> 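First the structure, then my questions, so here it is.
It should be emphasised that the depicted structure is a prediction, and the values quoted were computed from it without experimental measurement. Chain A is the first sequence line, chain B the second, and so forth, proteins listed ahead of strands; every chain is numbered from 1.
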Amino acid sequence: MASANEDAAAVLREYAELLVITGGDAFRARNYEKAAKVVAGYPGDLAAVPDAALTKISGVGTSIAGKIVEFRRTGTVAAVDELRAKIPPGVQEMAKVPGIGPKRALQLSRELGVTGIADLEAAIRGGRLRALSGFGAKSEEKILGSIAVITRDRPLRDALRALPPEATEERIQAALVAWLETTVPEKPVPGITATGASARSHALVRTKDLRGDLHTHTSLTDGVASLADMVAAAAARGYEYYAVTDHAPNLVMQQMTDEKMLAQRAELPALGAREMARGMTLLHGTELNIAADGSVDWDADFLAGFDICVASVHSSFGQDREVMTARFIAAAENPYVNIIGHPLTRKLGRRPPVDVDLDALCDACARTGTALEINASPERMDLPPEHIRAARDRGVKFAIDTDAHSLGHLNNARYGVAAARVAGLARDDVINAWPLDRLREFLAKGRSPQRLLASSI
DNA sequence: GCCGTTTTCGGCCCGACTGTTTTCAGTCG
């Protein structure tokens, strides 16, 4: 997503990374990282914001605004250049490899003279890593796996990042199809639909069909925009409904509590009544954590207070297929779980998909009335089109969600729609393309009074 | 470096996991 916003964000992000590698103040680094997210997710064109107005952006103070101004004028930031020069070549690149952080990247450079990812792979295959303290067979295996993920995902990630900021769903769709065709030329993916090539293309879901977003965050957890700003931005998109789904307590770093969640819920009626959001129904939800055993954060009593629950895997990614599948199915069978969030939990070029029997999970979802998420974040593309098609054929419904952590992310829905279109989904397959009444029926799931009574007998 | 209905200083994201170690450092979400 090449744009003034993304360019500035990249510089701020790099400065944060450099501060961490060079042992700078962690809070300072975190502020740059946060500012990078805010700038990347700034809903307008950052180039149109006057210098003096930059500090009006939350998370951007005088110092960071100064660096943005410098970058706009000169195309570079001196402080970033200085830190770059202090670090041996390859360290920044290696520190981004999952399993390697700043400390290990520096160690690899200093003690082995490794100069980058390609060199690192050669060093591992040459058995040179074994000589380092703290590195063993498992580390070698993990690093090689990470390098494979980076290599494999890079073409798709780069293709998506190269799209213009306002790329339409058709344009994104074309990029996805092109990538699928180059990836598996010998094995055509069944049901994949190229742009405009299908006679059914008129029936495919469109971005304008989406009536709401069902997975979004605020600054109460790891989002960078306030609840009020997120709601206003959603209303400006013309949504009929909008779900706020901040993280739940078991993702410890988010520091969610019962009290915070209830306080957020109490804010919604007033926000919904504002002129800006009038006519848009606010749903109070959460993104639960599916624990290693398939349980979630809260008990039934507390969960019953939510309008909608997304449930996602955020830990223990390495479970074997059988355990992982049982874990997901347990979550789908929870009467309060409406959507399985980013089902493969992959991040392009960062984290491989978990090993789950999707057919079994799809059957559980179809049986229990649980939707699978098509997470629209271009950093995830999860589910990918080939799996969406298979899931649809097993009777699964979908939620195309942005998982927005900033205002700008709300505009990512079209990436999910593109994946859905490639897979051949129609409006009827997508629960957030349904009218609110029908959506509410779906969300009631197994937790209507009659059903709960019946299941307790 | 940013922020403010505990405000101009002093907080701010904490704990589990992992692999390697023999008591813990590093990484991650």
> I'd like the C1' distance from B:dC3 over to B:dT8, given in whole Å.
10 Å
> When you compare B:dG1 with B:dT5, how far apart are their P atoms, in angstrom units rounded to a whole number?
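It comes out at 23 Å once rounded to the nearest Å.
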> Which residue, A:Phe27 or A:Tyr32, contacts DNA chain B at a nucleotide closer to its 5' end, judged by nearest heavy atom?
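Nearer the 5' end of the strand: A:Tyr32.
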> Would you mind reading off the distance between A:Arg28 atom CZ and B:dG10 atom P, rounded to a whole angstrom?
20 Å
> Scan A:Arg28, A:Arg84, A:Lys67 and name whichever one has a side-chain hydrogen bond (donor to acceptor under 3.5 Å, both in side chains) with A:Tyr15.
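Per the side-chain hydrogen bond (donor to acceptor under 3.5 Å, both in side chains) rule, the option paired with A:Tyr15 is A:Arg28, out of A:Arg28, A:Arg84, A:Lys67.
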> State, without any angle test, whether A:Asn412 and A:Thr402 hold a side-chain donor-acceptor pair at a distance under 3.5 Å.
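There is no such pair (donor and acceptor under 3.5 Å, judged by atom type) between the side chains of A:Asn412 and A:Thr402.
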> Can you figure out which of B:dC13, B:dC28, B:dG1 approaches the side chain of A:Asp25 most closely?
B:dG1
> Do A:Asp297 and A:Asn289 meet the criterion of a side-chain donor-acceptor pair at a distance under 3.5 Å?
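Yes, because at least one side-chain N or O of A:Asp297 sits under 3.5 Å from a partner of the opposite role on A:Asn289.
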> Can you tell me, in whole Å, how much space there is between the C1' of B:dC17 and that of B:dT23?
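Between the two C1' atoms, the distance is 16 Å.
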> C1' atom, B:dG15 versus B:dT22: distance in rounded Å?
22 Å
> Can the positive tip of A:Arg265 be found less than 6.0 Å from the middle of the six-membered ring of A:Phe306, inside 45° of the ring normal?
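So A:Arg265 does make the cation-pi contact.
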> Would you classify A:Phe317 as touching base, sugar-phosphate or nothing, given that sugar-phosphate means primed atoms plus P, OP1 and OP2, and contacts are heavy atoms under 4.0 Å?
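Result for A:Phe317 = sugar-phosphate.
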> Could you please name the partner base of B:dT8, counting Watson-Crick and G-U wobble pairs only when both distances are under 3.5 Å?
none
> Sticking with atom P, work out how far B:dT18 lies from B:dC12, rounded to a whole angstrom.
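Between the two P atoms, the distance is 29 Å.
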> What nucleotide, of B:dC2, B:dC13, B:dG29, holds the atom closest to the side chain of A:Arg350?
B:dG29
> Which nucleotide wins on minimum distance to the side chain of A:His314, given the candidates B:dG26, B:dG1, B:dG29?
B:dG29
> Within the structure shown, what part of the strands sits under 4.0 Å from A:Ser139 by heavy-atom distance: base, sugar-phosphate, or nothing?
sugar-phosphate
> Decide, yes or no, whether a salt bridge links A:Lys37 with A:Asp222 under the criterion of side-chain N to carboxylate O below 4.0 Å.
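Result for this pair is no, no salt bridge flagged.
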> Starting at atom NZ of A:Lys138, determine the distance to atom C1' of B:dT21, rounded to an integer number of angstrom.
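About 14 Å, once rounded to whole Å.
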> Considering every strand and a 4.0 Å limit on heavy-atom distances, what is the contact class for A:Ser58: base, sugar-phosphate, or nothing?
sugar-phosphate
> Have a look at A:Ala137 and say if it touches a base, only the backbone sugar-phosphate, or nothing, with a 4.0 Å heavy-atom cut-off.
sugar-phosphate
> Could you tell me how far apart A:Arg104 (CZ) and B:dC24 (C1') are, to the nearest whole angstrom?
12 Å
> Can you tell me, in whole Å, how much space there is between the P of B:dT20 and that of B:dT27?
13 Å
> Roughly how far apart, to the nearest Å, are B:dG11 and B:dT7 at atom P?
13 Å
> Between B:dG26 and B:dT21, how far apart are the C1' atoms? Round to whole Å, please.
13 Å
> What is the distance, to the nearest angstrom, from the NZ atom on A:Lys142 to the P atom on B:dG26?
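Those two atoms, NZ and P, are 16 Å apart.
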> Please tell me if the side chains of A:Val149 and A:Arg351 come closer than 4.5 Å, counting only heavy atoms from C-beta onward.
no
